[in-house]
Amino acid sequence: MRISSHRWDLSPREAVALQKKLAGRVVRERRLGPVARVAGIDVGFCDGVARAAVVVLSYPELEVIDSVLATRPVTFPYIPGLLTFREGPVILDAMGKLGTVPDLLIFDGQGIAHPRRLGIASHIGLLLDLPSIGCAKSRLCGRHEEPCLERGCHILLIDHGEIIGEVVRTRSRVKPVFVSIGHRVDLSTGIEYVLACCRGYRLPETTRWADRLAAGKRL
DNA sequence: GCGACAG
DNA sequence: ATCTTGTCGC
């Protein structure tokens with residue numbers, strides 16, 4: 001895969017300007033072919049070092065077929081809305097080591113459900129030009145009603161009148177996740193894959209594996 | 001000015 | 001994200 005990039009050593013103010021510029025390039029329509037490989041991506045931190053994990057699962061079997069790790073010193077603080085500038089660099093390092101090209105990327109974070117419509121799933125999906133979706137454990141912006149308690153129920157996430165994602169119940173009676181378009185996927189398709197990847201857990205198995213690897217545990 | 005705030 | 005014991009529920 002071709003990895004395009006840009007400078008990452010920006011001030012928060014410059015980072016915001018870059019997000020506004022890149023947001024216009026995000027493709028919100030479905031432009032993906034058959035999905036046979038889904039990747040989960042996550043980053044863990046320890047002693048000033050960021051460790052990114054990418055785990056590729058076969059679809060629909062959801063069996064691990066590849067995984068890579070990458071580490072690099074942390075150079076950017078956590079600032080709501082600027083998460084990509086903290087986790088992006090090490091994620092690109094890991095993606096560069098991947099011997100497989102995923103058909104779909106699932107991120108632990110927002111896609112366009114972001115103040116400037118460029119959450120980490122959209123930003124990285126755009127740089128890799130790969131279909132991606134955001135699957136966050138909590139809300140960054142937007143408002144919503146409570147989705148019903150059964151698995152599969154979902155309700156719109158709206159920000160200033162714009163639909164930016166959906167709050168999805170991946171397990172009955174368990175806290176819902178926030179699904180949003182990353183790049184080259186539509187919302188319905190994104191929800192479809194997130195649900196298809198959740199067999200018994202609240203988060204997709206893709207991000208679950210990546211979570212463990214990034215935290216320094218074993219698969 | 002006062003909250004809210006992905007990981 | 002990460003630091004952390006016991007405890008509640010199925």
Side-chain angles (χ1 to χ4, degrees), chain A residues 8 12-13 15-16 18-20 22-23 26 39-55 69-95 105-127 132-144 149-151 157-160 162-168 170-183 187 190-191 194 200-204 206-217:
Chain A
W8 291 98
R13 189 168 179 171
V16 167
L18 177 59
Q19 291 183 322
K20 290 178 179 172
L22 295 179
V26 172
I41 301 171
D42 196 33
V43 180
F45 298 87
C46 184
D47 300 318
V49 173
R51 171 166 42 203
V54 178
V55 177
L69 281 174
T71 60
R72 107 157 25 194
V74 178
T75 59
F76 202 89
Y78 169 66
I79 299 174
L82 297 181
L83 177 67
T84 309
F85 292 85
R86 181 173 169 79
E87 304 189 346
V90 71
I91 286 177
L92 293 183
D93 286 344
M95 290 304 293
L105 270 29
I106 298 183
F107 285 82
D108 195 333
Q110 313 291 352
I112 65 171
H114 174 281
R116 292 168 290 284
R117 307 294 182 262
L118 195 78
I120 194 164
S122 296
H123 196 146
I124 302 301
L126 182 63
L127 294 181
S132 66
I133 55 186
C135 183
K137 297 185 291 298
S138 63
R139 180 190 67 88
L140 209 210
C141 67
R143 309 199 318 143
H144 67 88
L149 302 178
E150 315 305 315
R151 170 190 156 95
L157 175 62
I158 297 174
D159 189 35
H160 298 294
E162 177 186 5
I163 294 174
I164 59 174
E166 286 216 56
V167 187
V168 184
T170 54
R171 284 192 65 181
S172 294
R173 302 185 146 281
V174 168
K175 186 182 181 192
V177 296
F178 297 74
V179 180
S180 59
I181 291 171
H183 183 55
L187 191 49
I191 293 173
V194 164
Y201 294 91
R202 177 170 76 110
L203 296 177
T206 49
T207 63
R208 182 170 167 268
W209 291 127
D211 258 331
R212 304 197 40 138
L213 259 194
K217 299 179 183 175

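Throughout, a chain's letter reflects where its sequence line sits, starting with A, and its residues are numbered from 1. Computed over heavy atoms, backbone and side chain alike; hydrogens, waters and symmetry mates excluded.
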**Item:** DNA chain B: stems of at least 3 consecutive Watson-Crick or G-U pairs whose donor-acceptor distances fall under 3.5 Å
**Value:** none

**Message:** Give the dot-bracket line for DNA chain C from 5' end to 3' end: parentheses for intra-strand Watson-Crick or G-U pairs under 3.5 Å, square brackets for crossings, | for inter-strand pairing, dots for unpaired.
**Reply:** ..........

**Nucleotide interval of DNA chain C bounded by contacts with chain A (heavy-atom cut-off, under 4.0 Å)** = C/dA1 to C/dT2

**Message:** If we ignore hydrogens and angles and just use 3.5 Å, is the side chain of A/Ser132 paired with the main-chain N or O of A/Leu105 as donor and acceptor?
**Reply:** no

**Message:** Suppose we screen for side chain to side chain contact (heavy atoms under 4.5 Å, CB included). Which residues come up paired with A/Thr207, at least two apart in sequence or across chains?
**Reply:** A/Ile106, A/Leu203, A/Pro204

**Asked** Who pairs with A/Thr71 by side chain to side chain contact (heavy atoms under 4.5 Å, CB included), at least two apart in sequence or on another chain?
**Response** A/Val49, A/Arg51

**Residues in contact with DNA chain B, drawn from residues 72-84 of chain A - heavy-atom cutoff 4.0 Å** = A/Tyr78, A/Pro80, A/Gly81, A/Leu82, A/Leu83

Report the residues that fulfil side-chain hydrogen bond (donor to acceptor under 3.5 Å, both in side chains) with [X], sequence neighbours left out, ordered by chain and then residue number.
X	value
A/His114	none
A/Asp159	A/Arg117
A/Arg208	A/Tyr201
A/Arg212	none

Which atom pairs, donor and acceptor, lie under 3.5 Å between side-chain atoms of residues 171-181 of chain A and protein residues at least two apart or in another chain?
residue  : atom : partner  : partner atom : Å
A/Arg171 : NH1  : A/Gly200 : O            : 3.3
A/Ser172 : OG   : A/Arg151 : N            : 2.9
A/Lys175 : NZ   : A/Lys137 : O            : 3.3
A/Ser180 : OG   : A/Gly111 : N            : 2.7

**Message:** Considering every strand and a 4.0 Å limit on heavy-atom distances, what is the contact class for A/Gly44: base, sugar-phosphate, or nothing?
**Reply:** sugar-phosphate

**Message:** I'd like the 5' and 3' limits of the part of DNA chain B contacted by chain A, with heavy-atom contacts below 4.0 Å.
**Reply:** B/dA4 to B/dG7

